[in-house]
Each structure stands twice: as structure tokens, then as C-alpha cells.
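Working notes for the structure below.
Every heavy atom of this structure was used, including side-chain atoms; hydrogens, water molecules and symmetry mates were not.
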Amino acid sequence: METLTVKQRNEQLAFARFTQRLGTTRLWATVISRPEPEPDLLCIHVDDGSIAFELVSLTDPIMAKIGADGPKALPDAFSTYDPSERIVRKKLQKRYETTASHIELLIYSDGQIITPDDAIIPTIQPLFDSITHPFTHIWFMGEKETLCLWENFG
């Protein structure tokens with residue numbers, strides 16, 4: 001059995017939270033981390049077969065640095081910005097190789113962004129139709145919301 005990296009463990013935990021929030025945990029028989037150029041996870045759905053998931057965490061680099069440096073690094077005040085548009089744009093432009101029937105994208109926040117869900121969603125949603133990407137579904141799991149923001153009906 002292969003040892004998972006911290007990134008892979010975090011992705012698997014995020015996917016587990018995602019399926020719990022949707023109430024679909026029992027529908028996923030297998031979830032396996034995969035190396036690039038494959039999507040992050042190869043999942044086996046009990047009804048739909050193999051589905052690849054690419055995951056992207058919305059992380060404010062300033063908040064991540066403060067979190068990594070510990071409580072002593074926390075300044076009295078600091079400025080931040082919403083990196084969501086830049087992060088999602090970059091992810092939509094990537095290309096992947098997979099044997100799965102299709103690829104889905106899970107965009108999630110993990111407490112490392114100050115921007116609320118209701119500000120993130122309208123910022124990233126216009127990108128889904130303006131950038132050609134390989135995803136059949138684009139999911140969002142924020143602080144409060146978990147929903148499908150885009151799907152390919154073709």
C-alpha cells in the first residue's frame with residue numbers, strides 16, 4: 001500500500017466531507033489518489049463506474065502563511081484579497097489524462113480564505129462558460145454551501 005502525501009490526504013479528507021455533505025458517501029466504492037497528469041482522485045461510483053475528480057483548495061496565501069507560522073506570527077491587523085478567480089482560472093486551463101468516463105472538479109475552501117461563499121460563487125461562476133475546460137461537473141464546497149455550480153448537458 002502506497003503512503004499518501006499530505007496533499008493527497010487532505011484531498012481525500014475533502015472528498016469525504018463533500019460526499020458526507022451530499023449524503024452520497026455509500027455510493028463511492030473506491031477513492032484512490034492518482035499522480036499527475038491524472039486528476040487527483042480516481043473514484044468508483046457504485047452506479048456510474050469510474051469518475052475522476054480534480055480538487056482545488058481556495059487558499060489565501062497570506063492566511064496560509066500566518067497559519068503555518070503559528071499564533072506568534074499573527075499580526076494585529078493584516079490585509080488580504082480574494083484569490084478565488086486566479087486559482088480557479090488556472091485549474092480550468094489545465095489538461096489531464098484519465099481512463100475514467102469523465103472528470104469533475106471540486107472547488108473547496110478549507111478555512112484558509114476569508115471570503116464568504118456568497119462572494120466566491122459569483123466571482124468564479126462566469127469562468128465556467130468563458131474558459132474551455134475538461135470538466136463535466138463543477139462542484140463548490142465552501143464554508144456553508146455545497147452545490148453543483150456548472151454541468152455539461154452535452
What is the distance from atom CG of L4 to atom CD1 of I32, rounded to the nearest 0.5 Å?
-> 10.5 Å

hydrophobic_cluster_shared for L92 and L106, side chain cutoff 4.5 Å | no

Taking a hydrophobic cluster as the set of Ile, Leu, Val, Met, Phe, Trp and Tyr residues connected by side-chain heavy atoms closer than 4.5 Å, whether directly or through intermediates, do L147 and I138 fall within one such cluster?
-> yes

Taken in chain and number order and not counting sequence neighbours, the residues that satisfy salt bridge (Lys or Arg N to Asp or Glu O under 4.0 Å) with E38 are R34

Applying ring-ring contact (aromatic ring centres under 6.0 Å, His included) to F135 and not counting sequence neighbours gives Y96, H133

Closest non-hydrogen atom pair, A52 against P39 = CB-CG, 3.6 Å

With sequence neighbours left out, which residue pairs that include part of residues 141-151 fulfil the side chain to side chain donor-acceptor pair (under 3.5 Å) condition?
-> R21-T146, D129-W150, H137-E151

Ring pair (Phe, Tyr, Trp, His ring centres under 6.0 Å) pairs, two or more places apart, involving residues 99-124 = none

Does anything in residues 39-52 pair up under side chain to side chain donor-acceptor pair (under 3.5 Å), and if so which pairs, sequence neighbours excluded?
-> K7-D40

Verify the cluster assignment for L42 and V46: are they in a single hydrophobic cluster under the rule of side-chain heavy atoms below 4.5 Å apart?
-> no

Rounded to the nearest 0.5 angstrom, the CD1-CG distance for I44 and L27 is 13.5 Å

Sequence neighbours left out, what pairs pass ring pair (Phe, Tyr, Trp, His ring centres under 6.0 Å) with at least one residue falling in residues 3-27?
-> F15-F18, F15-W28, F15-F53, F18-W139

Single-linkage hydrophobic cluster I103~L22, side-chain heavy atoms < 4.5 angstrom | no

With sequence neighbours excluded, residues passing side chain to side chain contact (heavy atoms under 4.5 Å, CB included) with R89 = E85, Q93, L127, I131

What residue pairs, at least two apart or across chains, pass salt bridge (charged side-chain N to carboxylate O under 4.0 Å, His left out) with a residue in residues 91-104?
-> E36-K94, E54-K91

In terms of hydrophobic clustering (I, L, V, M, F, W, Y; side-chain heavy atoms under 4.5 Å; direct or indirect links), are M141 and L55 co-clustered?
-> yes

Got a sec, which residues hit salt bridge (Lys or Arg N to Asp or Glu O under 4.0 Å) with R17, two or more places apart in sequence or on another chain?
-> D110

Mind checking whether L58 and V88 have side chains closer than 4.5 Å, heavy atoms only?
-> yes

Qualifying residues under side chain to side chain donor-acceptor pair (under 3.5 Å), relative to T25, sequence neighbours excluded = T19

Test side chain to side chain donor-acceptor pair (under 3.5 Å) applied to S33 - qualifying residues, sequence neighbours left out = Q12

Non-hydrogen side-chain atoms of I107 and I120 separated by less than 4.5 Å | no

Exactly one of I114, I87, T123 clears side chain to side chain contact (heavy atoms under 4.5 Å, CB included) with D82, and that residue is T123

Please tell me if the side chains of L149 and I124 come closer than 4.5 Å, counting only heavy atoms from C-beta onward.
-> yes

Partner set under ring-ring contact (aromatic ring centres under 6.0 Å, His included) for F140, not counting sequence neighbours | none

Evaluate the side-chain proximity of N10 to S57: yes if any heavy-atom separation is below 4.5 Å, no if none is.
-> no

